[in-house]
Amino acid sequence: MGLTAGHPVEDAVTPAPLVLGSNDFGSVTDRVCEINEWKTPRAWYVAFGIALTLLGVLLAMVSYLVLAGLGVWGLNMPIAWGFAIVNFVFWVGIAHAGTLISAILFLFRQHWRTSINRWAEAMTVFAVCCAGLFPGIHVGRMWLAYWLFPIPNQMKMWPNFRSPLLWDVFAVGTYATVSVMFWYVGMLPDLSSLRDRAKTKMRKILYGVFSLGWRGSARHWHVYERAYLILAALATPLVLSVHSVVSFDFATSVIPGWHTTIFPPYFVAGAIFSGFGMVLTLIVPSRTMFKLEDFVTKRHLENMCKIILATGSMVGYAYLVEFFIAWYSGNMYERYTFINRAMGPYWWAYWIMVTCNVITPQLFWFKKVRTNLVGMWILSIFVNIGMWFERFVIVVTSLHRDYLPGSWDYYSPTWVDMMTLVGSFGLFFTLFLLFIRFIPIIAASEVKGVLPQAKPHGGHE
Amino acid sequence: MRTAPVGLRIGAPAFAKPGAIAAFIAVGCSGMIFGSGQFFESLLVVFAFLASISLGALIFVMINHVVGTTWSIVVRRLAEHLMMNIVYVAVLAVPVMCGIHHLYDWSHPELVTGDAVLTFKAPYLNVPFFIGRTAFYFIVWSALAIALFRHSIKQDGDGSIGHVESMVKISAPGIAIYALTQTFAAFDWIMSVEPHWYSTIFGIYYFAGSFLAINASLAVIVIYLRSRGSLNGTVTVEHDHDLGKYIFAFVVFWTYIAFSQYMLIWYANIPEETVWFRVRWDGSWKWVSLALVFGHFVIPFFALMSRYMKRNPRVLLAGAVWMLVMHYVDVFWLIRPAFSHGAARLVAADMTSVIGFGGAYVALFFHRLARYPLVPEKDPRLAASVAFENH
Amino acid sequence: MSAPAWGIVAVFETPAEILRAAEAVRDAGYRRFDVHTPFPVHHMDRAMGLRDTRLPWVILGMAVLGCATAVGLQGWAMGKGYPFILSGKPLFSLPAFVPIIFELTVLFAAFGAVFGMLAFNRLPALYHPLFKNRPFSRVARDGFFIVIESSDEKFKAEDVRKLFESLGAKEIEDVHD
């Protein structure tokens, strides 16, 4: 490290600098905090209005569901899991990039994470909120959703700890809690910046309270850094476990197409893939809107494209191995399921999935695509679409062909299903826009740490 | 910026001379006196074990090129030699292919015709295709290894950045090719020993073990070389620490993969799948299974958790040797229950194969090591790699 | 100087200066001093002579507690509290308990890390004498501060000022409680 100091040339052994322009410690804080301090731009109000409208749609759909019952969804035997579970897995998957960037890249000393980890962590927290919603409303009588938790009750009943559905409650619950803590702890120094800069009484009080009196003491940093490192070390296996547990929901069953041992790592790769897709979708326009080109550089974007390429290829690997083993197993049900996926009534969903997840990301082999903002943004949308369809393919194609051909059916979602999915984006974007407005969106204190000036011995690290 | 010490070389130890290598091979082949059954069963285990180290080295080198890590430059040459040993492992594949009728039920037409599942699989599991695939894997891996090694050696001469670029360009698609070939190799060599059984995670399981094995091997090698007075001040405690972290991480990753495979099969409880674990729980195989749970996970997990342990060369050496032994037990556990139901047996040919073929592997490594500098001395990142510090 | 100061604060401009200053203050034998920086400066713990934190032990303890809780909760609820055979699994099914054992271990350990960190650092602390110091509002931005408290045994205002001056401090100010 330290090779970059004073040599903004980029070649195979000297990566481009992580922060461009003539930024120093002060200007980093200024640039980041200004976003929270400027007069709210009109575009933000427009976006927030749209997001709130969609959130209203979500509330309306959920209310309608409660009043009318689960029949307003397209579920019918044998497809008892439809949009709700597809959406749940979709959102949980998106929630994975945040902790991946924050924890795993941190452990791997990938310093480029510093400019994007706050976004990604925020996205994680909001995506978990959206994910948690769906099982909650899918249980039917959602006011009894607390039965999911092991709470002593007058019936002396306990949830079944041997069921993967309960593992999910613990996995997603733990993940949400740890992600919020990780996010918040990382934010403390930046909140104290906002506190020190606050002009109005309200901001002084709120940022003062939420920064917990952080004052940059080296004695504090000493413990803080240790805590952050261990938190990262804990979050890394946690992030692998969450989507593994989600995959157990399917893989512990005996349903062809669901019961396969590769599911845990394959789901994790897919989750990271979809999470990075969503990060890119959000960060490319925000970067331009808030003029953050100095911090979120081409190098950051290119690295994210490379991770999308890598994880997309892993997902492709899993598709291939699944298909091969379905044949190799010699089991006619396995074979039928996979041929039916590709050529049966849901062939279109399958091929959307393969195209968006495996084929189009291969364009990221080309540096031209990895450095083209519009190109990567479009491809990132494809990733989001592809990963939603992946979950649709897994959930629906395996269920719609029961062992008993008499119960075969074709699942189609109702308008309520559709609008609930759309509404969940409202929840996500409402939270995200609030985040952009009130919380430092770049981890300024960490970015300062990767500035060349930050090395006390001038690059002799 | 400190500069790296140059001209790091060692002489070939006595056991790395061509004559000694031939003697090792002879010891390995002497296992045949115990009967072809013992010999081929032992050989397959050693073959799969040694292949996993060289394959681990290949993916280790390629991943580090693509990610552009600095810390690993000082151990790259060591990994490259292990990677180049894939050519030797390819030679070992020849006797394995000779034992095909002993090792693989599906190679017997009379067994296949009476078995609907094996008949169905015959287009894949048949002798010519099997041998062809194995040859193909080795050609691909050797080509990758030789191409990477050639650039690395050329770089020793001219120190050009162009070689770094070329190695990255080879490695990126190389990883994709590797993922597929290694997976199918694991299906072919190991999984098809019990040809009715299947598990989609199996290729990743083999990968987890092999990546663990390469990091453990590197740790053993650097600590050994330092004890002989080489690499001091080049491969430091900081690099030990990183190797230790990778060993620890892949102990956990292996456990994650192994548990996923076991738990899903246990939970779904489908007879055609559970039989595989049933066989590994019968009789004394139960103790081997438990040895893996404790020796491959519980003990190393706690032993290698702390920073102190990873930065103490003696502890790290003990941990790395231990993991290599457990990795051998793991490969043994994957292959051998098929041949001895109900009783785990370590036979005489296992000794001769490990000492002979394993010894030749090590001797070849040192033979190669003596011919080239111990580190890529003109890599532009070497000085930064030497000065690398954990934080 | 009228009222006795709570301490004396000096302002530096770069990480290198503050690191050198911290070493000098440590070598001068002061104990009750602290450094304030916008980001963690490398090797500051060594420069200040800080001892390793015991936080990892707290986290380890919490991890063990989480693990025990998960085993106890699941074992008791499935074995004694509500014993039913479901999907043909034994009442005590270790493989099926592993995911929740893992999750609760991580959850408890993470609580240990976060709340342990806050406790060791005595946070939240919404009041601190330094917050009244005007230049100190730069601390999260680009200011590097070192403060020696008057409660230090060796504290003598003139000595401290002289030391800070010799280290090239940009500003030196008294801080009052």
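Lettering follows sequence order; numbering is per chain, from 1.
- The choice from A:Thr177, A:Leu188, A:Leu212 that makes the most heavy-atom pairs within less than 4.5 Å of chain C is A:Leu212.
- With a threshold of 4.5 angstrom between heavy atoms, A:Pro237 approaches chain C through its backbone and through its side chain.
- The number of heavy-atom neighbours closer than 6.0 Å to CZ of A:Phe210, taken from other residues, nucleotides and ligands shown, is 12 or below.
- At a threshold of 4.5 Å between non-hydrogen side-chain atoms, the residues C:Arg138 and A:Asp196 do not count as touching.
- Remark: the backbone N or O of C:Arg141 is paired with a side-chain donor or acceptor of A:Lys448 at under 3.5 angstrom.
- Of all heavy-atom pairs between C:Phe84 and A:Arg162, the closest is O-NH2, 2.8 Å.
- Residue A:Gln453 touches chain C through its backbone alone, counting heavy-atom pairs closer than 4.5 Å.
- With sequence neighbours excluded, the residues forming a side-chain contact (heavy atoms from CB on, under 4.5 Å) with C:Asn133 are C:Val9, C:Pro135, C:Phe136, C:Glu173, C:Val175, listed by chain and number.
- The shortest heavy-atom contact between A:Ser217 and C:Asp34 is OG-OD2, 2.5 Å.
- Contact of A:Ile230 with chain C is made through the side chain alone, with heavy-atom distances under 4.5 Å.
- At most 12 heavy atoms of other shown residues, nucleotides or ligands fall within 6.0 angstrom of atom NZ in C:Lys162.
- Using a 4.5 Å cut-off between non-hydrogen atoms, the part of residues 63-73 of chain C that approaches chain A consists of C:Leu73.
- Using a 4.5 Å cut-off between heavy atoms, C:Phe145 does not touch chain A at all.
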CA sep, side-chain torsions, deciding dist, call: C:Phe33, A:Arg219, side chain to side chain contact (heavy atoms under 4.5 Å, CB included): CA-CA 10 Å; C:Phe33 73 100; A:Arg219 289 171 197 275; 4.0 Å; yes

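- Between C:Pro38 and A:Ser445, the shortest heavy-atom contact is O-CB, 3.6 Å.
- Taking both residues in full, the closest heavy atoms of C:Tyr82 and A:Trp158 are given as CD2-O, 3.6 Å, listed atom of the first, atom of the second, then distance.
- Within residues 46-58 of chain C, the residues having any heavy atom under 4.5 Å from a heavy atom of chain A are, by residue number, C:Met48, C:Leu50, C:Arg51, C:Asp52, C:Thr53, C:Leu55, C:Pro56.
- Ranked by heavy-atom pairs shorter than 4.5 Å toward chain C, the options A:Asp24, A:Val178, A:Val169, A:Asp30 are led by A:Asp30.
- Both the backbone and the side chain of A:Ser193 have a heavy atom closer than 4.5 Å to some heavy atom of chain C.
- Expressed to the nearest 0.5 Å, how far CD of C:Gln74 lies from CG of A:Leu166 amounts to 8.0 Å.
- In terms of heavy atoms, C:Met44 sits closest to A:Ala218 at CG-CB, 3.8 Å.
- When side chains are defined from C-beta on, A:Met181 counts as touching C:Phe111, because their heavy atoms get closer than 4.5 Å.
- Annotation: salt bridge (Lys or Arg N to Asp or Glu O under 4.0 Å) contacts involving residues 143-152 of chain C, sequence neighbours excluded, comprise C:Arg32-C:Glu149.
- Considering C:Asp45, C:Asn121, C:Leu123 in turn, C:Asn121 is the only one that fulfils the side chain to side chain contact (heavy atoms under 4.5 Å, CB included) rule with A:Val223.
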